[in-house]
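The analysis underlying the following values was restricted to heavy atoms, covering all of them including side chains, and did not include hydrogens, waters or symmetry mates. These numbers were taken from a predicted model, which means no experiment stands behind them.
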Amino acid sequence: MKIGLMSDTHGYLHPKVFHYFENVDQVWHAGDIGSVELADQMEAFKPFRAVYGNIDGHELRARYPEHALFICEGVKVWMTHIGGYPPRYTPEIKPYIQQKRPKLFITGHSHILKVIPDPALQLLHINPGACGKQGWHKVKTLVRFDLLNGEIKNLEVIELPD
């Protein structure tokens, strides 16, 4: 299963997203989608899984959960917008991570691209950074990876042009 991961679009959909995610099976969004129109475009493009972020209004909050816990290709995934990162998880999230034991923990919010293994909790944390125009980030980023037989493989970071 090929996954395209994005976050913090804030209502702006870079046209190159469609090119870079052309060969993925699913697109996941880690929150701060920013507009129903953007969500509609992504849902029309590929199977789309998302969580809402702190800037998302009531329509997106009604459409997507705050936290998504699911299994894909044998990998237990937890995706949420605000969750921290190893070992600095938010106090609200840390006990749930310890209890639910995801293998892949995905967040957004910080606009900082991070891929950090957590050997203590035996998980991989990914924050794909931000691919929208809003925020202080200088580079717009996406992440692609494969899930196969319970493993996370072939992780790629994509920098979008201005």
Side-chain angles (χ1 to χ4, degrees), residues 1-83 85 93 96-97 100 102-115 123-135 137 139-162:
M1 176 80 61
K2 295 183 180 303
I3 306 298
L5 178 61
M6 61 196 315
S7 188
D8 294 278
T9 46
H10 291 258
Y12 171 73
L13 186 56
H14 194 291
K16 288 281 189 181
V17 167
F18 298 108
H19 167 74
Y20 287 114
F21 286 173
E22 180 179 28
N23 294 320
V24 303
D25 299 304
Q26 294 183 7
V27 175
W28 299 351
H29 196 300
D32 279 359
I33 299 162
S35 75
V36 170
E37 295 77 20
L38 188 147
D40 289 343
Q41 284 182 282
M42 294 311 300
E43 285 182 1
F45 174 59
K46 295 282 181 175
F48 185 65
R49 184 184 298 265
V51 293
Y52 70 76
N54 56 295
I55 66 117
D56 292 322
H58 70 278
E59 289 181 75
L60 291 170
R61 289 174 186 237
R63 195 165 172 173
Y64 303 110
E66 180 179 10
H67 309 285
L69 180 64
F70 57 95
I71 296 174
C72 185
E73 293 295 318
V75 175
K76 187 187 274 190
V77 180
W78 183 331
M79 184 165 60
T80 192
H81 185 60
I82 301 173
Y85 55 90
I93 294 292
Y96 291 108
I97 293 173
K100 302 293 184 185
K103 185 169 189 172
L104 178 57
F105 180 59
I106 297 170
T107 63
H109 188 62
S110 71
H111 293 221
I112 300 170
L113 171 71
K114 293 182 182 179
V115 178
L123 63 78
L124 179 67
H125 165 70
I126 302 176
N127 182 324
C131 60
K133 289 183 177 179
Q134 298 291 333
H137 60 279
V139 179
K140 297 173 192 69
T141 54
L142 304 168
V143 172
R144 281 189 308 216
F145 55 91
D146 298 339
L147 299 178
L148 179 65
N149 299 324
E151 298 295 324
I152 304 155
K153 305 272 189 190
N154 304 319
L155 192 133
E156 301 173 85
V157 171
I158 299 159
E159 291 185 5
L160 294 168
D162 285 331

Student: Look up atom OG1 in T80 and atom CD1 in I93, then write down how far apart they are to the nearest 0.5 Å.
Tutor: 4.5 Å
Student: Please check this pair: side chain of H10 against backbone of G34, looking for a donor-acceptor N/O pair closer than 3.5 Å.
Tutor: no
Student: Quick one: are N54 and D32 in side-chain contact, heavy atoms under 4.5 Å?
Tutor: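 Of all side-chain heavy-atom pairs linking D32 with N54, at least one is under 4.5 Å.
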Student: Between CZ of R144 and CG of L155, what distance do you get to the nearest 0.5 Å?
Tutor: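 If we round to the nearest 0.5 Å, R144:CZ and L155:CG are 10.5 Å apart.
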Student: What closest approach, in Å, do A30 and I106 show between heavy atoms, and which atom pair accounts for it?
Tutor: CB-CG2, 3.9 Å
Student: Here's a test for you: under ring-ring contact (aromatic ring centres under 6.0 Å, His included), which of Y20, F21, F18 qualifies with F45?
Tutor: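 It is F18, the one option of Y20, F21, F18 that forms the ring-ring contact (aromatic ring centres under 6.0 Å, His included) with F45.
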Student: With a cut-off of 6.0 Å (strictly less than), are more than 12 heavy atoms of other residues, nucleotides or ligands near NZ of K133?
Tutor: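 Result for NZ/K133: open.
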Student: Is the shortest side-chain heavy-atom distance between V143 and L113 below 4.5 Å?
Tutor: yes
Student: Is the shortest heavy-atom distance from the side chain of V17 to the side chain of M42 under 4.5 Å?
Tutor: yes
Student: Of V157, V115, I126, L124, which meets side-chain contact (heavy atoms from CB on, under 4.5 Å) against F145?
Tutor: I126
Student: Within the structure provided, determine whether P102 and V77 are in side-chain contact (heavy-atom separation under 4.5 Å).
Tutor: no
Student: Salt bridge or not between D56 and R63? Use side-chain N to carboxylate O under 4.0 Å.
Tutor: no
Student: Hey, can you tell me if H111 and H137 have their rings parallel, tilted or perpendicular (30° and 60° cut-offs)?
Tutor: tilted
Student: Report, as yes or no, whether the 6.0 Å neighbourhood of atom NZ on K114 holds more than 12 heavy atoms from other residues, nucleotides or ligands.
Tutor: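 Yes.
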Student: Might you work through the side chain to side chain contact (heavy atoms under 4.5 Å, CB included) test for H29 and Y64, ending with a clear yes or no?
Tutor: CA-CA 10 Å; H29 196 300; Y64 303 110; over 6 Å; no
Student: Could you check whether any side-chain heavy atom of W28 comes within less than 4.5 Å of a side-chain heavy atom of V51, counting everything from C-beta outward?
Tutor: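 When only atoms from C-beta onward are counted, V51 and W28 do not touch, as no gap falls below 4.5 Å.
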Student: So, taking the atom named CG in D146 and the one named CE in M1, what distance separates them when rounded to the nearest 0.5 Å?
Tutor: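 Interatomic distance, D146 CG to M1 CE, rounded to 0.5 Å: 10.5 Å.
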Student: Nearest 0.5 Å please: distance from the CG atom of L147 over to the CD1 atom of I3.
Tutor: 5.0 Å
Student: Quick one: closest heavy-atom pair of G108 and S7, and the distance?
Tutor: CA-OG, 3.3 Å
Student: Mind listing the closest non-hydrogen atom pair of A50 and P65 along with its distance?
Tutor: O-CD, 3.5 Å
Student: So do L69 and Y96 actually touch side chain to side chain, heavy atoms under 4.5 Å?
Tutor: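 A side-chain contact under 4.5 Å is absent here.
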Student: Please tell me if the side chains of V36 and L60 come closer than 4.5 Å, counting only heavy atoms from C-beta onward.
Tutor: yes
Student: Measure across H81 and H109 and return the closest heavy-atom pair with its distance rounded to 0.1 Å.
Tutor: CE1-N, 3.1 Å
Student: Are N127 and Y85 close enough that some pair of their side-chain heavy atoms sits under 4.5 Å apart?
Tutor: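 Heavy-atom side-chain distance check fails, nothing below 4.5 Å.
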Student: Once rounded to the nearest 0.5 Å, what's the spacing between atom CD of E151 and atom NZ of K103?
Tutor: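 Taking CD in E151 and NZ in K103, the distance rounds to 4.0 Å.
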Student: Tell me whether K76 at atom NZ has more than 12 heavy atoms from other residues, nucleotides or ligands lying less than 6.0 Å away.
Tutor: yes
Student: Could you tell me whether a side-chain N or O of K153 sits under 3.5 Å from a main-chain N or O of L148, the two making a donor and an acceptor?
Tutor: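 Not at all, since once roles are kept as given, no pair shorter than 3.5 Å links the two residues.
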Student: So how far is it from I33 CD1 to L13 CG, rounded to the nearest 0.5 Å?
Tutor: 11.5 Å
